[in-house]
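Quick notes on the structure that follows.
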Amino acid sequence: MTRKPELLPGTLDMLILKTLTRAPLHGYGIALSIKRLSDEVLTVEEGSLYPALQRLLLQGWVKAEWKMTETNRRARFYTLTAAGRKQLGVEVSEFEQMIAAIGRVLAADSR
Amino acid sequence: MMRWLRKLGLLLARGRFREELDEEMAFHRAEAERALLNEGIEPEGARMAARRQFGNTTRLREQSEEVVGFRVETIWQDVRYGLRQLRRSPGFGVTAVLILALGLGVSTAIFSFVDAALVQPLPFEKPSRIVDVDENSAVFPRSNLSRDDYEDWKRLNTTLSSLEVYTGDGFLLHLGATSEPVPALRVSAGLFRTLGLKPVLGRDFLPGEDQPGRAKVVLLSYRGWNKWFGGRSDVVGQALNLSGDSYTIVGVMPAAASYAPRAGNRDFIVPLQDKTGCEKRRSCHNLDGVGRLRDGVTVEQARGDLQRIAAQLEKLYPGSNKDQGASVQPLRNYLVGDVQPILLTLLAGAGLLLLIACVNVASLVLVRAESRRREVAVRGALGASRTRLARQFITEGMLLATVGCACGALVAEWAMKLLTQLVPKDAAAETMPYLQRVGWNAHTALFAAAMTFAAGLVLALTPMLRHRAQALADNLAEGSRGAAGRFWSRLGANLVVVELTIAVVLLAGAGLLGKSLYRLLHVETGFDPTHLATVQVMAPQTRFANPEQTAQLQRDVIRRLSALPGAVSVAVTTDLPIQCNCDTDWIRIVGKPFHGEHNEVLERDVSPEYFATLKARLDRGRLLTEEDTNVKPAPTVISESLARKYFPGEDPLGHKIGNGDLDPKSMREIVGVIADIRENGLADDTFPAEYEPIYQSSDNYFAVAMRTAGDEKALLPTMAKTIRAIDPELGVSGEITMMDQIESSQSSIIHRVATWLVGGFAAIALVLGVVGLYGVVAFSVSQRTREIGVRMALGAQRKRVYGMILRQAGGLTLIGIGAGLACSIAAAVAMKSLLFRVAAWDLPTLAAVALVLGGASLLASFLPARRAALVNPVEALRSE
C-alpha cells in the first residue's frame with residue numbers, strides 16, 4: 001500500500017480558504033473538494049478539518065450558516081469573509097515565497 | 001479582542017456549540033457512507049468504513065473544543081474530576097464534608113457573636129471617642145454619679161466636649177383603659193447629640209429642656225413607638241399620661257438608639273428635670289455618665305482630669321465625697337466587658353473544634369492518599385510534573401473545604417438561631433442589644449471564607465507532604481508497605497495526638513465550666529428559693545403619696561394574696577433577693593470610732609412576714625414584728641456579714657446604727673441577726689445588709705413574694721390578677737418564680753451558655769478524637785497483618801499481640817492526655833473570670849477528663865487489637 005503524502009503543516013487553513021473562494025461549502029464538501037482538486041493526493045483528516053474550521057470562525061475569516069443541500073439535508077455551510085479573502089492572499093504569498101525558497105535549495109547544484 | 005469575545009459567546013452557548021458540531025459531523029459521516037455505497041460497497045461495510053475513516057467522535061469534538069476553550073476550563077475539569085472522585089467514595093466524601101461543615105459552621109456562628117459584640121462599631125458617631133464616665137469608691141470600681149457631682153464635673157472638666165447622664169426610670173402608662181408599668185430612661189438633654197443620634201420623627205430634647213420646672217416632654221424609643229403607637233407618624237405633639245402626669249411627645253428615636261446603654265428595652269425617654277428626693281443629696285449615686293472626648297484627648301487624660309475634679313470635690317464635701325474618685329473607660333468596654341471573656345472563650349473553643357475537624361479530615365485524606373499512592377506514582381512516572389500533581393491536591397483540598405463551607409453555612413445559620421435563643425429575650429434586649437446584629441454580613445462571610453481557605457490548605461498540604469516524602473520507584477514496586485506505612489503512622493499518630501490534646505482541653509474546659517455552673521446554681525442563698533412566686537407592683541404616685549397609703553395598699557395585697565388557695569405566706573419588700581448590690585445605705589455605728597469612711601450596706605425594707613416567707617434563718621435576737629412599724633425610729637435586723645464586719649467578736653444586739661451624720665431620727669436599734677440572704681448576683685461577693693420595716697417607707701414601688709404549697713408557676717397569673725383587682729390603676733409586672741429568677745440572672749446565663757457550648761464542643765471533639773485514634777490503630781493493624789502473622793507463626797501468644805496493639809494506642813493516648821492536661825490548666829487560667837469557686841487545676845475534674853478519654857480510647861483501640869489477635873497466621877502469610 002502506498003503512503004499518501006502528509007499535508008504540509010500550516011497549509012490546511014490556506015487550502016480551506018482557497019476552496020471556499022468559489023462557493024460556500026459544508027465540511028464534507030471542503031474535504032471532498034481538496035481531495036478531488038489534488039487528484040486524490042491530499043486527504044484532509046476530519047480530526048484536523050473541524051478544529052481548523054473552528055479556528056477560522058474564531059478569527060472571523062469564514063462565516064457559517066445552516067442551509068439545505070441539494071439532497072435536502074441540513075448542513076453547515078462555510079462562506080469566505082472579506083477578512084478571509086485578505087488572509088488567503090497573505091498566506092498564498094507567504095507559501096509561494098516558502099516554496100520558491102525550498103525549490104532554490106533543492107535545485108542547487110550538488111556536484 | 002474580537003476573538004476573545006467570540007470565545008466568551010461560545011462558552012456561554014457551549015451546549016449549542018456541541019449540538020451543531022455533532023450534527024455537522026453526523027452529516028459528514030452520512031455523506032462519506034453514501035459515497036462508499038455509490039462505489040458499490042454493501043451497506044454494513046460502508047457504515048463501518050465511514051466510521052473508521054472518521055475516527056473517534058468524542059476525541060474529535062474535544063479537539064474542536066480545545067480551539068474555542070479557555071485555560072480556566074481545565075480547572076473546572078479538575079473540579080469536576082474531584083467531584084467525581086468524591087462521588088466514587090461517598091463514605092469518605094460525606095464524612096469529611098460533615099465534619100468540616102460542623103467545624104466551619106460552629107466557628108462561623110460563634111464568630112458572628114464576637115463580631116456583633118466586639119468587632120462591629122457601635123452605631124454611634126465616631127464611637128471610639130465616646131467614654132463611660134462614672135465615679136468609683138473603695139468598694140465599687142465603678143459606681144454611679146450623683147446629680148450634684150455630675151453638674152460639677154460637667155462644668156469643671158476640660159477634656160470632654162460633652163458630658164451627659166442617663167438613669168433607669170419607670171412609669172405607669174395610662175393608655176386608654178389600661179394601666180401598665182413601663183420601663184423608661186431619664187436622660188440629660190444632650191445625651192443623643194453626644195452619641196450622634198438624630199430622631200427619625202420630631203425633634204430631640206432641646207438644650208436646657210432637662211432643667212427643673214420645664215414643660216414635661218417625652219421621646220419615644222423606636223420599640224416604644226411601634227409597641228404602643230403602631231409606628232404611626234402622627235404621634236408627635238400628642239399628649240401622653242405617664243404616672244398621672246401629662247407629657248407631650250416631641251419625637252421618635254431611631255432603632256440604633258437601643259444600643260445606647262440601658263436603653264435596649266425602654267419604651268419612653270424623658271429629660272432629667274426635677275431632682276428626685278434622692279438626687280437632692282450629693283451622696284445619692286443614681287446616674288450613669290457618657291462623655292465625648294475632645295479631639296486629641298486620650299481616655300487616660302480624661303480620667304486624670306476628672307480624678308482631679310473629684311479630688312477637689314472630696315475636699316469641699318468630705319461628708320459625701322470621701323474616697324469618691326472618677327472612672328473613665330471606653331463606652332464599648334462598659335457595654336461588652338461582661339461578655340468579652342465568655343465570647344473569647346467560646347471563640348477559642350470553636351477554633352479548637354475547627355482545628356480538630358481539620359485534623360480529622362486531614363487524616364481521612366491521608367488514608368485515602370495511601371490508596372491513591374499507585375495512581376500518583378504512575379502519573380508521576382508518565383511525566384506529570386510536580387506542580388501538576390500539586391495542583392490536583394490543592395484543587396481537591398479546596399473543593400472539599402468549599403463543599404464543607406457550603407454545608408457549614410447551613411450549620412452556622414442554624415447555630416446562630418439556636419444560640420440567640422439561649423439568651424432570654426428580656427435579658428438580651430436589656431443588656432445585649434448587639435445580639436440583633438448577629439447574622440451574615442461582610443465580616444462573617446470573610447471569616448468563613450478565610451477559615452475555608454485555611455482548611456483547604458491543610459487538606460491540600462497533608463497528602464502533598466505524604467507523597468513528597470516518597471521515592472516514586474518505591475510506590476511502583478510491590479510490597480513497599482513497610483516504609484510507607486511507617487511514614488503514614490508517624491504523621492497519622494502526630495495528628496491523633498493533636499486531636500486527643502484538643503479533646504482533653506475542651507473536655508476539661510467543659511468540666512470546669514459545668515462545675516462552676518453547678519456551684520453557682522447551688523450557691524448558698526440563705527433562703528429557700530423553691531415554691532416562691534414573685535411580682536413587682538407600682539402604685540400611682542398621685543394616689544399613694546404617703547407611707548400610710550402605701551402601707552395600707554401593701555397590707556391589702558398581703559391579705560388578698562394570703563387568701564388564695566395554695567398560698568402559704570405572703571410578704572412585701574423593696575427588693576427581692578438575687579438582684580443586685582444596689583440600694584445601699586451608708587451607716588455609722590454608735591460608739592465606734594469614725595473617720596468619715598463609707599460603711600456601705602444594702603438596705604432592704606420588708607414586711608414582718610418577709611423572713612418567714614423566704615425561710616431565712618434567724619441567728620440571734622428576734623425578727624421584725626407588726627409592732628415595730630409603730631416604733632420610731634424603727635428597729636432593724638442585720639445580716640451575719642454586717643455583724644461580722646462591724647461587730648467583730650461582740651454581740652451586735654442592742655447596739656445602735658445611724659446615718660453618717662448620726663441624726664437622732666436615724667438611730668435604729670439592732671434587734672436580730674439573720675444568716676446572709678443572697679441579695680446580689682449569684683457570682684458577686686456578699687454585701688452586709690440591714691432590714692427595716694417597710695410600712696414606714698413611702699416608696700410606691702415594691703415587690704411581693706408568695707410562698708406556695710404546690711406549683712408556684714401556676715399561681716403567677718392569679719397573683720397578678722388578684723393584685724390588679726385591688727386597684728385597676730396598679731402597675732403589675734415581672735411575674736416570675738424565684739427559681740426562674742435564679743436561672744435567668746446574668747451570671748447564670750453566661751455560665752449556662754458557656755457550659756452548654758463548651759460541653760457540646762467537647763462532646764464532638766471527644767468523638768472525633770477517639771474516632772481518629774481508632775482510625776490510626778485500625779490502619780496500622782491492617783498494614784501490619786503480615787508482620788503479626790509472622791510473629792504468631794513464630795509462636796507469639798494472642799495475648800502478646802493484644803498487648804502490642806494496645807501499647808501503641810495507649811502510648812498515643814497517654815501523650816495526648818498529658819499534653820492536654822497541661823494545656824487545659826493554661827486554658828483554665830486564661831478563662832479564670834468565667835470560673836466560679838473552681839480552681840483552674842481542679843483535680844477531680846481533670847482526673848475525670850483523663851478517665852473518660854482514657855476509657856474511650858481503650859475502647860477505640862480494643863476493636864482493632866482484637867482483629868489483630870484473631871489474625872490467622874496462615875492466611876496472613878499467604879495474603880501477599
Side-chain angles (χ1 to χ4, degrees), chain A residues 1 4 6-7 9-10 12-13 16 19-20 24-37 40 42-79 81-84 86-87, chain B residues 1-39 41 43 46-74:
Chain A
M1 187 182 163
K4 281 181 182 167
E6 295 266 330
L7 208 58
L12 178 60
D13 289 7
I16 294 173
T19 324
L20 292 178
L25 280 173
H26 44 68
Y28 179 73
I30 294 171
L32 207 62
S33 178
I34 292 175
K35 198 170 165 186
R36 285 200 186 132
L37 288 171
E40 312 234 335
L42 300 176
T43 314
V44 182
E45 295 293 337
E46 288 77 6
S48 343
L49 175 65
Y50 288 98
L53 283 172
Q54 294 306 327
R55 206 158 47 232
L56 296 177
L57 273 174
L58 270 185
Q59 300 287 359
W61 293 334
V62 299
K63 279 192 307 196
E65 55 186 332
W66 289 91
K67 278 196 278 196
M68 296 314 252
T69 64
E70 58 271 35
T71 54
N72 224 13
R73 289 204 51 179
R74 225 166 82 88
R76 181 143 66 169
F77 280 79
Y78 295 87
T79 317
T81 64
K86 213 168 108 193
Q87 177 68 16
Chain B
M1 186 61 202
M2 206 54 214
R3 208 182 120 96
W4 191 84
L5 277 179
R6 285 201 188 105
K7 265 192 179 188
L8 198 68
L10 285 173
L11 179 71
L12 296 175
R14 189 50 49 91
R16 201 180 128 95
F17 172 83
R18 280 201 193 117
E19 272 169 31
E20 292 193 337
L21 203 61
D22 281 346
E23 187 177 347
E24 193 171 21
M25 292 193 294
F27 168 78
H28 191 119
R29 254 198 325 266
E31 288 296 303
E33 199 180 316
R34 214 154 55 95
L36 289 169
L37 273 174
N38 288 345
E39 283 171 30
I41 299 175
R47 184 150 65 245
M48 293 305 286
R51 263 197 209 162
R52 234 184 348 260
Q53 191 188 344
F54 199 78
N56 182 335
T57 328
T58 311
R59 178 79 200 114
L60 280 177
R61 195 171 62 202
E62 274 175 10
Q63 283 170 348
S64 289
E65 274 183 32
E66 268 168 32
V67 171
V68 299
F70 287 94
R71 172 73 55 84
V72 200
E73 281 185 274
T74 61

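In what follows, every chain begins at residue 1, and chains take the letters A, B, ... in the order their sequences are listed.
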Review point. Are A/Gln54 and B/Leu21 close enough that some pair of their side-chain heavy atoms sits under 4.5 Å apart?
Key: yes
**Study point:** Non-hydrogen side-chain atoms of B/His28 and A/Tyr50 separated by less than 4.5 Å
**Key:** yes
Exercise for review: Determine whether the side chains of A/Trp66 and B/Glu23 contain a donor N or O and an acceptor N or O closer than 3.5 Å.
Suggested key: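 No, B/Glu23 and A/Trp66 have no side-chain donor paired with an acceptor closer than 3.5 Å.
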Practice item. Supply the atom-to-atom distance A/Thr69 OG1 to B/Glu31 CD, rounded to the nearest 0.5 angstrom. Key: 6.0 Å
Review point. Which one of A/Arg73, A/Arg76, A/Arg74 satisfies the salt bridge (Lys or Arg N to Asp or Glu O under 4.0 Å) criterion with B/Glu24?
Key: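 That would be A/Arg76.
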Exercise for review: Answer with side chain, backbone, both or neither: which region of A/Leu57 has an atom nearer than 4.5 Å to a non-hydrogen atom of chain B?
Suggested key: backbone
Exercise for review: Counting only heavy atoms closer than 4.5 Å, note whether A/Ala64 contacts chain B via side chain, backbone, both or neither.
Suggested key: neither
